[in-house]
Amino acid sequence: MSERNDASWNTMMSGYVRGREYSKAIEFFQEMLEGGVKSSGFLMASLVTACDKSGSMFGEGLQVHGFVVKVGLMSDVFVGTSLLHYYGTYGLVSDAHKLFEEMPERNVVTWTSLMVGHSDGGESEKVIEMYRSMRRESVCCNENTIALVLKTCGTLEDELLGLQVLGNVVKSGLDTNVSVGNSLIAMYGSCGNVKEACRVFNDMDERDTISWNSIISANAQNGLCEESLRYFYWMRHVHKEVNSSTVSSLLTVSSSVDNLKWGRGIHGLVVKSGLESNVCVGNSLLKMYSEAGRWKDAESFFQRMPQKDLISWNSMVACYAQNEESQKALNFFADMRRVIKTMSYVTITSALAACSNLEFIAEGKILHAVAVLSGLQANIVIGNALVTMYGKSGVMAEARKVSTIMPKRDEVTWNALIGCHAENEEANESLKAFNMMRKEGIRENYITIVNVLGAFSTPDCLQKQGMPIHAYIVRTGFDSDKFVQTSLITMYAKCGDLHSSSFMFDGLSTKRSITWNAIIAANAHHGCGEEALKLIMKMRNAGLLLDQFSLSVALSVSADLAILEEGQQLHGLVIKLGFELDHYVTNTAMDMYGKCGEMDDVLRILSPPFIRTRLSWNILISSYARHGCFNKARETFQEMLKWGEKPDHVTFVSLLSACSHGGLVDEGLEYYASMKTKFGVPPAIEHCVCIIDLLGRSGRLSDAEDFIKDMPVPPNDFVWRSLLASCKIHQNLELGKKAADKLLELDPSDDSAYILYSNVCATSGRWDVVENVRTKMGSNNIKKQPACSWVKSKNQISKFGMGEKSHPQNVQIYAKLGELMKTIREAGYVVDTSYALQDTDEEQKEQNLWNHSERIALAYALISTPEGSPIRIFKNLRVCGDCHSVYKFVSGIVGRKIMLRDPFRFHHFSDGKCSCSDYW
DNA sequence: TTAGGGTTAG
């Protein structure tokens, strides 16, 4: 090649870089290598910059590095600097640092590039250290250096240092007053000192667009959404110019407060201002949708984006991963490699996050290999993502191995290990990792503490580990952190000590929303639903707005207690507060309607199929199942598949229980067989219980027994209880005895074992055994959970026990009962005394049946609610067979719809028939 | 001097 040609190569290459055609520049380099072109330092520096800016595969930059060494251009300051910057971009600061040490000549850009690397790697102290060295060595700072140092002061929350730096800047006359003020605003914003930022802004004589953007951002970063919006309105009023940075800042706040209504408003404004096509703005919108859980909105927006860059693609991978759409994330990742042919370490990190469960471990391993092959193994963020990926998949040995060979570990590495041990229920290991972290001299942060606390879940753990850690938290001052406070409340509750949880909560001087939510959830999980709802009231009275978490806990409490009116009011509040677009909240509301018997409302608020989440599909299937609409449940499952939604283990629990309640034995067995082979969902104990129920109810008791022998998981109490209940239906004394023994083996104090077994014996007429069992219960001090039914009328709940006589309207209730007995007998009702569980004469047996709580509740409902209105009755135990028959007759005679809910499902009676077709 | 993607937690 001649000199002239070399020069033209140079010109071409710099043309590509100037024109930002980075991938062309890289292709050009390949040709150049083949042609053996002699290169200049400038050309190589441009090329490295091209690799850097294109976000290309890391390997291409490495190739250039090798070439540069070979041709002896490493001493060139521009080449060295661009390579150093390149390593920094990929998070490989130690490599960058090594280059820096070896360089014979350095300029201000060299220094600044390494500082940027340290800054991106989270090593703020190193940045300041280097700034001080620069001043010692009299290297003159440029604007970029100053900007970086000031930003770092913000990150370090070191206002004093920031002011010193600014003093130096003013002294050297490097900047104007406006830009000094702007920098100050930004620094105060990062330090969390919004007040001071506003003071500087308000005192400024002159403001430019950046000043306005900085003050909006300072408020936005600190979660002050109303304030940032106030400045924005003011800006539009007096300043006129709004640019893409302004809009991006406003969108950031909408993500952090997770209020989609707000984000939608800003989005409208974005469209009006014509800034929607700006790539930064677009990327902010993608993040907003992702954080609000609306990955489908993000997806369609991405498709419409006129300009996309690497960050847009990375955002989509992250969006799918964050929304637990692993398969979609990996498919998108594959598309990305095909379409734009580039990726960065962020891409790999996000793709790894999508593999954080055992189902995708194979893909995760491939990505691990990709990271190694790309030379990005030493990147600390990738290392941390790998630790997380293995840890969340339960492969802790591999997670630990990755962490040991990492060149450097930070608090994120240790937090991931501690958190994954906790998630895998290895409390001791979690605590061990915490101690090792401290030994290694890495300081814990609030996330460390939150993770450690998450490891404790038993009373024993609480005594031996939880309480000492609590003492440590108080000693180290972490007890003032809102997340730590919340975790402490949750830990005490999880370890069974709700009393201490409440004590902690009551003792807090400032109670934030998340703290309220923690104590409310703690009560809900302990079955204290009424208390949880009372706390919701108190929270509102304390002037706090309910958020998506408090609303969904409250809705699920209403669902568990089956109190429709409260549920409806909460749903109203959801709409009023603007959470109706929040998938999670809306799904909880839907579940509430389903569990309160309002199938029509479930369908009313159901979203259209193309934006339905897996959770919505699952709730819909289980609602249909609970209401006895088995065909609908099946159709919904088919529709779900048609729309490309993958069923998960909850889907199959709903589907199998639908089959079991509907007597669809063969269909249920088919689903069970296909779940692993066709859908990759391995059967868990819940599914096995459904199958045993399915076989048992239909009378195939020996098949059920065989199934238990071959189950992939060891049987638990639910398995034996279900089998025992089926033995009662089909009067199988022998197997019933076996199941009851197994149940008592697991828990000798289980009351259901005694009760169900004595019922099996009673139904089979073995009154001698019944007597035996009852005596045994008495001597073992085991009490039966008393049956009760309740009705809500005129805003009051009336609860009835067996033979209840204490109701103020007692006389009218029993008069009504007598009348009912007479009329239904005339209509053809014949008593079935096999449901009487006490050995007396037939007449007494019938009398005892009329004492059942569900009949008393029915009589009360008939006299206390308006004629013709639907009746809603709830029972804590399964309805008795003879009562079921009474309800059918009554519904035909009084011409009213009667809904009866037991702990498992609904019976809808009308015109003498029941929705369950007498199979339950 | 202002804005967008990533790892732990929520």
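Below, each value reflects all heavy atoms present in this structure, side chains not excepted, and no hydrogens, waters or symmetry copies. So that the names make sense, note that chain A is the first sequence line, chain B the second, and so on, each numbered from 1.
As judged by a 4.0 angstrom heavy-atom cut-off over every strand, A:V317 is placed among residues making no nucleic acid contact. When heavy atoms are screened at a 4.0 angstrom cut-off, A:S183 is found touching the sugar-phosphate backbone but no base atom.
Between the side chain of A:S217 and the base of B:dA3, no donor-acceptor pair under 3.5 Å is found.
Taking the six-membered ring where tryptophan is involved, the planes of A:Y289 and A:F301 are tilted, since the angle between them lies from 30° to 60°.
If you take CD of A:E276 and P of B:dG4, they are 18 Å apart, rounded to a whole angstrom. Atom C1' of nucleotide B:dA3 and atom CG of A:D309 are separated by 13 Å, given to the nearest angstrom. Straight-line distance from the CZ atom of A:F301 to the P atom of B:dG4: 16 Å, rounded to whole Å. Rounded to an integer number of Å, the gap from A:N243 CG to B:dA3 C1' is 8 Å. Counting to the nearest Å, the P atom of B:dT2 and the OH atom of A:Y188 are 16 Å from each other.
The aromatic ring centres of A:W313 and A:F332 sit less than 6.0 Å apart.
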Fill in the blank from the handout: Each nucleotide of nucleotides 5-10 of chain B classed B (base within 4.0 Å of a protein heavy atom), S (only sugar-phosphate) or -, in 5' to 3' order, makes BBBBB-
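By the neighbour-count criterion of 12 heavy atoms within 6.0 Å, atom CD of A:E425 is sparsely surrounded, having that number or fewer from other residues, nucleotides or ligands. Within a 6.0 Å sphere centred on NZ of A:K328, heavy atoms belonging to other residues, nucleotides or ligands number more than 12.
Side-chain contact between A:C319 and A:L286: absent, with no pair of heavy atoms (C-beta onward) separated by less than 4.5 Å.
Contacts of A:Y584 classified as ring-ring contact (aromatic ring centres under 6.0 Å, His included), with partners at least two apart in sequence or in another chain: none.
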